[in-house]
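Convention: sequence-line order gives letters A, B, ...; per-chain numbering from 1. Every value quoted in this text rests on a predicted model; they were computed, and no experiment measured them. The basis for the numbers below is simple: all heavy atoms, side chains too, and nothing from hydrogens, waters or symmetry mates.
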Amino acid sequence: MPRSQSLIASIDPAKISKHFDAADVETRLDTRWQNEGVYHYDPTRPRGETFVVDTPPPTASGSLHVGHVFSYTQADVVVRYKRMTGMNIFYPLGWDDNGLPTERRVQNYFHVRCDPNTPYEEGLVLEAASAKVRKKPARMVSRPNFIEACFGLIEEDEAAFSELWHRVGLSVDWRQEYQTIDEHCRRTAQHSFLDLHAKQLVYTSDAPTMWDVDFQCAVAQAEVEDRNQPGAYHKIEFAVEGAEEGGASSFVIATTRPELLPACVGVTAHPDDERYKPFFGKRAITPLFHAPVPIFSSEMADPEKGTGVLMVCTFGDQTDVQWWREEGLALRQVVGPNGRLCSIDFGEAPYESLEVDKANAAYSELAGKPIKRAQTDIVAMLRDPDASATGNGAPLQGEPEPIEHPVKFFEKGDRPLEFLPTRQWFCRLLDRKADLLAKGAEVSWHPEYMEARFRDWTENLSLDWCLSRQRYFGVPIPVWYPLDREGQPDYDAAIVAEPEAIPVDPTTDVPKGFDESQRNQPGGFTPDPDIFDTWFTSSLTPQISSHWVDDPDRHARLFPADIRPQGHDIIRTWAFYTIAKAMLHEDVVPWHHTLISGWILDPDRKKMSKSKGNVMTPLPLIEKYSADAARYWAASARLGADTAIDENVWKVGKRLVTKLFNAAKFVLSQTGEVAPISQELDRAFVRKLQALAADSTRNFDEFRYANALAETETFFWTNFTDTYLELAKVRARAYADGADAANAISEADVLASGSAVATLRLGLSVLIRLFAPVLPYITEEVWSWSFAGENQGSNGAGAASPSIHRAAWPSESDFSGIEAPEHAGSFDVAVSALAAINKAKADAEMSMGRGVSLLRLAASASTIDVLEGVCADIMSAARVEDHAFDVDPELGDGLCAVRQIEFKDREERGTESSR
RNA sequence: AGGCACGUAGCUCAGGGGUUUAGAGCACCGCCUUGACAUGGCGGGGGUCGGCGGUUCAAUUCCGCCCGUGCCUACCA
């Protein structure tokens, strides 16, 4: 037997562990990838070869849950695919530590509160609060001490998250890591403000703003959510001034907020409402406080609602704000920033009253009380006939009528929002709606229908973006105000930081042209004490990563980004603000595609939330099923679809990993002489493999990774391990068996054996590369056994790559030079024949390994024609010694039926390898 | 109240530019200790594709209406 050819590099299966140890491989490979810089961005390559990812910076102080793994993995799968197609990947990750969640965590963890008036304590070390400490009032700490505590805690939280991302195998370039609170981000955010200020796109105003009374902080429209709350219509009688001349002298309003009666500044009804027409232009008198207020008509009043006439207060809701503005009504602010009623004096403008003593006596019962308590008390007072403005008896008409109605809450808040006039910075957006919509349309949304959420939100935007927050741990607003001779700030003459000075903290830094001694002195300056809305900074993630401020050249190469993955819950915030910023700064879209991932729901399809206690943490699941299984689960869900967590899917993922491990061990341990892929079955299999690779590429290009995975998985089981591998096994092993002189094989059989081994290896190589974006660990492990040192692609087109994650994505070059099969259907016919024989064995309750001494197989004439070409493989796989074909024109093409089967005795099995 | 998505086997989900018996996995039943793998293999049962109408030779797939679920936006006296 000539042995002129070189041997196929094979592995010794005995040297590979019996089972796949996922945890061990995960830590080993992640370390290796980091050390080898597999995920590093190469700044020297051109933009056209670069794929830029804008990632969501997680809030590390939040709880870790499986939803994080879900959405971040979906993005990583896409990125890994792009990397294998040869793209230079820019894939940064940061932490959104700036903001309220961190403050809340610090408050709870140490049981402290920030008090800007408390002096700084040098070297203060806080300790986690014990249960005992928590019972006492929270400790007050200075603003700098509080911020130090925040920095301390985020370090821990981010380390925990980082560990998870490494474990899950996110292929992030960790050299690009940032924190939204770090100096670079503060500088970027303040630069953004400077630019918007220069463009006159930001302004201050002390307009009524939505205010959370617990956080004592302004809130933007995007952070507001409606919650259905029980409430009640309270019907309250008002008097009409000058009604003596005849006609009705009173009317009854309906309100859900009787406690705002002292803040009543007007009364309105629809202009066509006959009931109230006579009153327009007159003044109404409120009960209890006897305040005269104008009665005016308004199209916005709904005659069907309540009693059709309502009191306008400062401020019950946004419509009140509108009426207040349009009608030039008085401002009677009774709700204070802390959610309690303020002290006011009736008789002094703007608190008019016709009966000052009565009004003050009544109000003194309410001042200082929380809103809810004030409501109860005022309702009681309205039951007193003495409170009446008309003399008709108790102003409260009947019992309050319970209703359920939507009430605005801060999404993180516990009490309804109030509208309070406070000085805030705003960014102009309302006059740019059309442009925003146009930019949204320029982005490709995946899935497409998610753009509707952006559109709905943008079209319904009713307020400019409120930027200031009365908080501490965030990016300071880089602004001071000059103080006049009386020490009063001139808010219209804001002093904005110099571009070279940023980032600044106005509470410690001094504006240009002043010195520290002038801080808070008449004729000096005072800092803006506020920080920016967190979204003000996180809406700049593409510019943060591109180094917009410091490196215009890098910025030009990394901005706009290619993809933005994110959840659909933050379309109105993160996506919206990012689009807005990119538009306002540079009139571009921030990214070309956005991939919207769905939510993870609990097994009962309920949203996971801490309060429901149904949150699942990912690490125990990863330990149980492996990181690859976690990724398999995440990648099985299509974009945008909310998915109930199903542990079963993790189980299936784990099974796939095991199967890959075993199949790879078998394939790579086959030996033989290097030979071209020449046999009919092999060529037919390769054709199917080639179609799979093309399909997978198309799916990935359209971000349909779940379809790609499903197809590859199905192919792997049904066309590779269950069938091709079984059909080609005996032929592949023939060479090794032939090493034994007694079984010496012919030259033709050497070639046939080499063809089988080459096909098995090509199949494995292509399949693990198709799986690599989803299953980075098992595929890298298998790759390392042999392929890492070889050129891939039948013509050697794909250069050797030590990591599968930088190996070439399967393409035509992997299949070039392999002849097409004689019959396109050869493979399917072989599978069908084998299945028919297997079924016959199963029906006879025989093991699949049972030898067959005689087989008569029926098929159509054309199918038999095809069968002849792959007959040897079928018969050896089924261990058939003698066979005959019967022509049966009744059978459809490709179908086979067993007409006769005779089994060998059990001990006789196992002689089939002598073919 | 408008909009979007979804409703396919017991469960989780594919699919569908109309065409023979509608798919997978899990679960279930039967069989097989076969030589990569019992963390396996082979075989099997199970669905009038939410309902009603329409277009069509033909619809689960296209259209309309309805029902259910989820979400988005609005409503907030």
Q. Is it true that A/Arg453 and A/Glu451 make a salt bridge, defined as a side-chain N closer than 4.0 Å to a carboxylate O?
A. no
Q. Where the side chain of A/Asp722 is concerned, which of B/G43, B/A36, B/G41 is the nearest nucleotide?
A. B/G41
Q) What pairs meet the salt bridge (Lys or Arg N to Asp or Glu O under 4.0 Å) rule with one or both residues in residues 296-314 of chain A, with sequence neighbours excluded? A) none
Q.
Nearest to the A/Asn460 side chain among B/A74, B/G35, B/G44, which nucleotide is it?
A. B/A74
Q: Measure from CD on A/Glu448 to P on B/C72 and round the result to the nearest Å.
A: 21 Å
Q: Report the residues that fulfil side chain to side chain contact (heavy atoms under 4.5 Å, CB included) with A/Asn707, sequence neighbours left out, ordered by chain and then residue number.
A: A/Asn699, A/Arg704
Protein-nucleotides 37-40 of chain B N/O pairs closer than 3.5 Å?
{"residue": "B/C37", "atom": "O2'", "partner": "A/Asn662", "partner atom": "ND2", "Å": "3.0"}
{"residue": "B/C37", "atom": "O2", "partner": "A/Lys659", "partner atom": "NZ", "Å": "2.8"}
{"residue": "B/C37", "atom": "N3", "partner": "A/Lys659", "partner atom": "NZ", "Å": "3.0"}
{"residue": "B/U39", "atom": "O2", "partner": "A/Thr658", "partner atom": "OG1", "Å": "2.8"}
{"residue": "B/U39", "atom": "O4", "partner": "A/His19", "partner atom": "ND1", "Å": "3.1"}
{"residue": "B/G40", "atom": "O3'", "partner": "A/Lys659", "partner atom": "NZ", "Å": "3.3"}

**Q.** Span that lies between the P atom of B/A36 and that of B/C49, in whole angstrom
**A.** 44 Å
Q | Nearest-neighbour nucleotide for the A/Trp457 side chain, B/A36, B/G25, B/U73 considered | A | B/U73
Q: Determine the contact category for A/Asp569: base if any of its heavy atoms lies under 4.0 Å from a base atom, sugar-phosphate if only primed atoms, P, OP1 or OP2 are that close, otherwise nothing.
A: nothing
Q: Spell out, as yes or no, whether a donor-acceptor pair under 3.5 Å connects the side chain of A/Arg850 to the backbone of A/Lys904.
A: yes
Q: With heavy atoms under 4.0 Å as the rule, sort A/Arg257 into base, sugar-phosphate or nothing.
A: nothing
Q) What integer number of Å spans the P atoms of B/C28 and B/U39? A) 16 Å
Q) Over how many whole Å does the gap from A/Glu845 atom CD to B/G30 atom C1' extend? A) 7 Å
Q) Will you find, in the side chains of A/Thr268 and A/Trp323, an N or O donor that is under 3.5 Å from an N or O acceptor? A) no
(Q) Salt bridge check, A/Lys408 against A/Glu418: does any charged N sit closer than 4.0 Å to a carboxylate O? (A) no
Q) Should the pair A/Lys433-A/Glu459 be classified as a salt bridge under the 4.0 Å nitrogen-to-oxygen rule? A) no
Q: Measure from the side-chain heavy atoms of A/Met848 and tell me the nearest of B/G43, B/G41, B/G15.
A: B/G41
Q. Is the closest side-chain donor-acceptor distance between A/Ser853 and A/Glu881 under 3.5 Å?
A. no
**Q.** B/C31 versus B/G45 - spacing of their C1' atoms, nearest Å
**A.** 15 Å
Q: Output, in order, the C-alpha distance, side-chain angles, deciding distance and verdict of ring-ring contact (aromatic ring centres under 6.0 Å, His included) for A/Tyr625 and A/Tyr632.
A: CA-CA 10 Å; A/Tyr625 297 106; A/Tyr632 171 86; over 10 Å; no
**Q.** Span that lies between the P atom of B/C11 and that of B/A27, in whole angstrom
**A.** 16 Å
Q: Write down the distance separating the P atoms in B/C29 and B/C13, rounded off to the nearest Å.
A: 24 Å
Q: Would you indicate what A/Ile571 reaches in the nucleic acid, counting non-hydrogen atoms under 4.0 angstrom: base, sugar-phosphate, or nothing?
A: nothing
Q. Which value, in whole Å, describes the distance between the P atoms of nucleotides B/G70 and B/U12?
A. 15 Å
Q) For the pair made of CG in A/Asp602 and P in B/G70, what is the distance, rounded to whole Å? A) 13 Å
Q) Between atom CZ in A/Arg733 and atom P in B/A36, what is the gap in whole Å? A) 5 Å
Q: Could you tell me whether the phosphate oxygens of B/A74, OP1 or OP2, come under 4.0 Å of any side-chain nitrogen or oxygen in A/Gln221?
A: yes
(Q) One thing to verify: whether A/Glu401 and A/Lys235 come together as a salt bridge, which I'm taking to mean a side-chain N less than 4.0 angstrom from a carboxylate O. (A) yes
Q) If you pin A/Lys651 and A/Val309 to their nearest nucleotides in RNA chain B, which one's is more 5'? A) A/Lys651
Q) Between B/C72, B/A36, B/U34, which one does the side chain of A/Asp456 approach most closely? A) B/C72
Q: State whether A/Arg415 and A/Asp212 are salt-bridged, where the test is any N-O pair (Lys NZ or Arg NE/NH1/NH2 against Asp/Glu carboxylate O) under 4.0 Å.
A: no
Q | A/Arg655 NZ/CZ over A/Trp717 ring centroid, <6.0 Å and within 45° of normal | A | yes
Under-3.5 Å N/O pairs linking protein and nucleotides 17-19 of chain B:
none

Q: Using a 4.0 Å heavy-atom cut-off across all strands, classify A/Val652 as base, sugar-phosphate, or nothing.
A: sugar-phosphate
(Q) Does a side-chain N or O of A/Asn838 approach OP1 or OP2 of B/C32 to a distance below 4.0 Å, or not? (A) no
Q: Could you check how far CG of A/Leu895 sits from C1' of B/U21, rounded to whole Å?
A: 12 Å
Q: In whole angstrom, give the distance that lies between atom NZ of A/Lys305 and atom C1' of B/A74.
A: 11 Å
Q: Report yes or no: is there a donor-acceptor pair, N or O only, under 3.5 Å between the side chain of A/Asp226 and the base of B/C75?
A: yes
Q: Nearest whole angstrom, please: distance from the C1' of B/U20 to the CG of A/Leu891.
A: 16 Å
Q: Hey, could you give me the CD/CZ distance between A/Glu327 and A/Phe296, rounded to the nearest 0.5 Å?
A: 4.5 Å
Q. Mapping A/Arg704 and A/Ala842 onto RNA chain B by nearest heavy atom, which one lands closer to the 5' end?
A. A/Arg704
Q. If you measure only the distance, is there a donor-acceptor pair under 3.5 Å linking the side chains of A/Glu711 and A/Ser696?
A. no
Please list, for nucleotides 4-12 of chain B, all pairs of protein and nucleotide N/O atoms separated by less than 3.5 Å.
{"residue": "B/U12", "atom": "O4'", "partner": "A/Asp646", "partner atom": "OD2", "Å": "3.2"}

Q) Between B/A24 and B/A9, how far is it from one P atom to the other, in whole Å? A) 14 Å
Q) Taking only Watson-Crick and G-U wobble pairs with both distances under 3.5 Å, what dot-bracket line describes RNA chain B, where [ ] shows pairs that cross earlier ones and | shows pairs with another strand? A) (((((((..((((.........)))).(((((.......))))).....(((((.......))))))))))))....
(Q) Between A/Arg850 and B/U34, is there a contact of a side-chain N or O with OP1 or OP2 at under 4.0 Å? (A) no
Q. Can you tell me how far CE of A/Met210 sits from CZ of A/Phe410, rounded to the nearest 0.5 angstrom?
A. 11.0 Å
Q. Under 4.0 angstrom, heavy atoms only, what part of the nucleic acid is A/Lys408 near: base, sugar-phosphate, or nothing?
A. base
Q: Flag the pair A/Lys624 and A/Glu647 as a salt bridge only when some basic side-chain nitrogen lies within less than 4.0 angstrom of an acidic carboxylate oxygen.
A: yes
Q) Roughly how far apart, to the nearest Å, are B/U48 and B/A59 at atom C1'? A) 13 Å
Q: Just do the ring-ring contact (aromatic ring centres under 6.0 Å, His included) check on A/Trp211 and A/Phe419 with the steps written out, would you?
A: CA-CA 6 Å; A/Trp211 182 268; A/Phe419 282 83; over 10 Å; no
Q: Grab the CD1-P distance between A/Ile570 and B/C72 for me, whole Å please.
A: 13 Å
